[in-house]
2 protein chains.
Amino acid sequence: MVEEHAPHLDTVFHALGDATRRRMLRDLAQAERTVGQLAEPFAISLAAASKHIKVLENAGMIRREVRGRTHVCRLDPGPLASAHEWLSMYERFWTDRLDALDRLLREEDARNAEKPQGDSHE
Amino acid sequence: MVEEHAPHLDTVFHALGDATRRRMLRDLAQAERTVGQLAEPFAISLAAASKHIKVLENAGMIRREVRGRTHVCRLDPGPLASAHEWLSMYERFWTDRLDALDRLLREEDARNAEKPQGDSHE
DNA sequence: GTGTTCTTCAACCATGTGGTTGAATATGCA
DNA sequence: TGCATATTCAACCACATGGTTGAAGAACAC
């Protein structure tokens, strides 16, 4: 089940890097939606929404079924699971070592705050 | 928890949407690295690597400490945890599917029991 | 001081992205 | 048939992105 999905991570993370598309995913998590329904919350043209949907579709995150003249989209969780799995590689950094690392980082910040370096001469 | 701590997610997911930056994060997961060390695996200029590092830094994913003339970078897991947490909202979509596919996967595993499963997590 | 190393900055370039508008396509309905 | 609905396509625009090169700063070494 662990495949070489790295090439897809580019498109998956890129698709997630836009609030409009994340909102679309949120809506699709409730139920399947047509293109028009997905576009409705936004003050953008249908053509723009269509492009967003295509980005999600190319990333494999939604699947489209053409029913008559409407295109019904539903969530495909696979890429979300891949992204989640990739991030899980770093989970130890905010779980096991959270206390130690966080304490070090905060000490560092405290030191830098007390001892500012490279002040401007002007 | 209600999605609209989202401006941060834009930059975090965007930063993750590039294999060069993901590789840098992977290296930083091993140990702290200077800018030159982070740039070394890539066939790009130092200036280009510096831009990538700045993207990660602006997303809050790395912290920089200037030691003499070298800039030492460390991983900050906070934004990774945020992204992971956001994706976890959708976890039921692939765990539910796991219930449905569980039997199939077990059968698959049984059939492939002797086959090698080379894989990589980038 | 001079020179070398580490890194950023500035200017530039090609391509990508997200948006628009208007036309095209395809379906549903009277 | 004719018309409205749902969606995409094509062309275009402004701006962001990722890359380059060359110069500029700092910090170390001599």
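Only this structure's heavy atoms are used, side chains among them; waters, hydrogens and symmetry mates stay out.
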Return the nearest nucleotide to the side chain of [X]; candidates are [options].
| X | options | answer |
| --- | --- | --- |
| B/Arg21 | D/dT8, C/dG28, D/dG18 | D/dG18 |
| B/Ser45 | C/dT21, C/dG18, D/dT21 | D/dT21 |
| A/Ala47 | C/dC9, D/dT7, C/dT20 | C/dT20 |
| B/Arg69 | C/dT4, D/dT7, D/dG18 | C/dT4 |
| B/Lys51 | D/dT8, D/dG19, D/dT5 | D/dG19 |
| B/Thr70 | C/dT7, D/dG18, C/dT4 | C/dT7 |

**5'-most by nearest nucleotide on DNA chain C - A/Gly68 or A/Leu46** =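 Nearest-nucleotide comparison on DNA chain C picks A/Leu46.
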**Item:** A/Val55 vs B/Val72, nearer the 5' end of DNA chain C by closest nucleotide
**Value:**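 Upstream on the strand: B/Val72.
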**Request:** Measure the spacing between CZ of B/Arg21 and CE of B/Met61 and express it to the nearest 0.5 Å.
**Result:**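 If I round to the nearest 0.5 Å, the distance is 9.0 Å.
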**Asked** So A/Leu25 and A/Leu56, side-chain contact (heavy atoms from CB on, under 4.5 Å) or not? Walk me through it.
**Response** CA-CA 9 Å; A/Leu25 291 177; A/Leu56 292 167; 4.1 Å; yes
**Request:** Give every residue pair that meets the ring pair (Phe, Tyr, Trp, His ring centres under 6.0 Å) criterion with at least one member in residues 47-84 of chain A, sequence neighbours excluded.
**Result:**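 Applying ring pair (Phe, Tyr, Trp, His ring centres under 6.0 Å) to every pair that reaches into residues 47-84 of chain A, excluding sequence neighbours, yields A/His84-B/His84, A/His84-B/Trp94.
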**Request:** Report yes or no: do B/Leu38 and A/Phe93 belong to one cluster of Ile/Leu/Val/Met/Phe/Trp/Tyr joined by side chain heavy-atom distances under 4.5 Å?
**Result:**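 Same cluster.
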[N] [atom2] sits how many Å from [X] [atom1], rounded?
| X | N | atom1 | atom2 | answer |
| --- | --- | --- | --- | --- |
| B/Asp18 | C/dG16 | CG | P | 14 Å |
| A/Asn58 | C/dG18 | CG | P | 12 Å |
| B/Arg22 | D/dG18 | CZ | P | 12 Å |
| B/Arg33 | C/dT7 | CZ | P | 13 Å |
| A/Glu65 | D/dT7 | CD | P | 13 Å |
| A/Ile44 | D/dT8 | CD1 | P | 12 Å |
| B/Lys54 | D/dG18 | NZ | P | 13 Å |
| A/Met24 | D/dT7 | CE | P | 11 Å |

**Request:** Kindly say if A/His71 contacts the phosphate of D/dT8, meaning a side-chain N or O under 4.0 Å from OP1 or OP2.
**Result:**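 True: A/His71 side-chain N/O within range (under 4.0 Å) of D/dT8 OP1/OP2.
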**Prompt:** Within the pair B/Arg67 and D/dA27, is there a side-chain N or O less than 4.0 Å away from OP1 or OP2?
**Reply:**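 No.
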**Message:** By the 4.0 Å heavy-atom rule, please label A/Ala43 as base, sugar-phosphate, or nothing.
**Reply:**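 Sugar-phosphate contact only.
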**Request:** Show your reasoning for whether side-chain contact (heavy atoms from CB on, under 4.5 Å) applies to B/Leu16 and A/Val12.
**Result:** CA-CA 9 Å; B/Leu16 291 174; A/Val12 170; over 6 Å; no
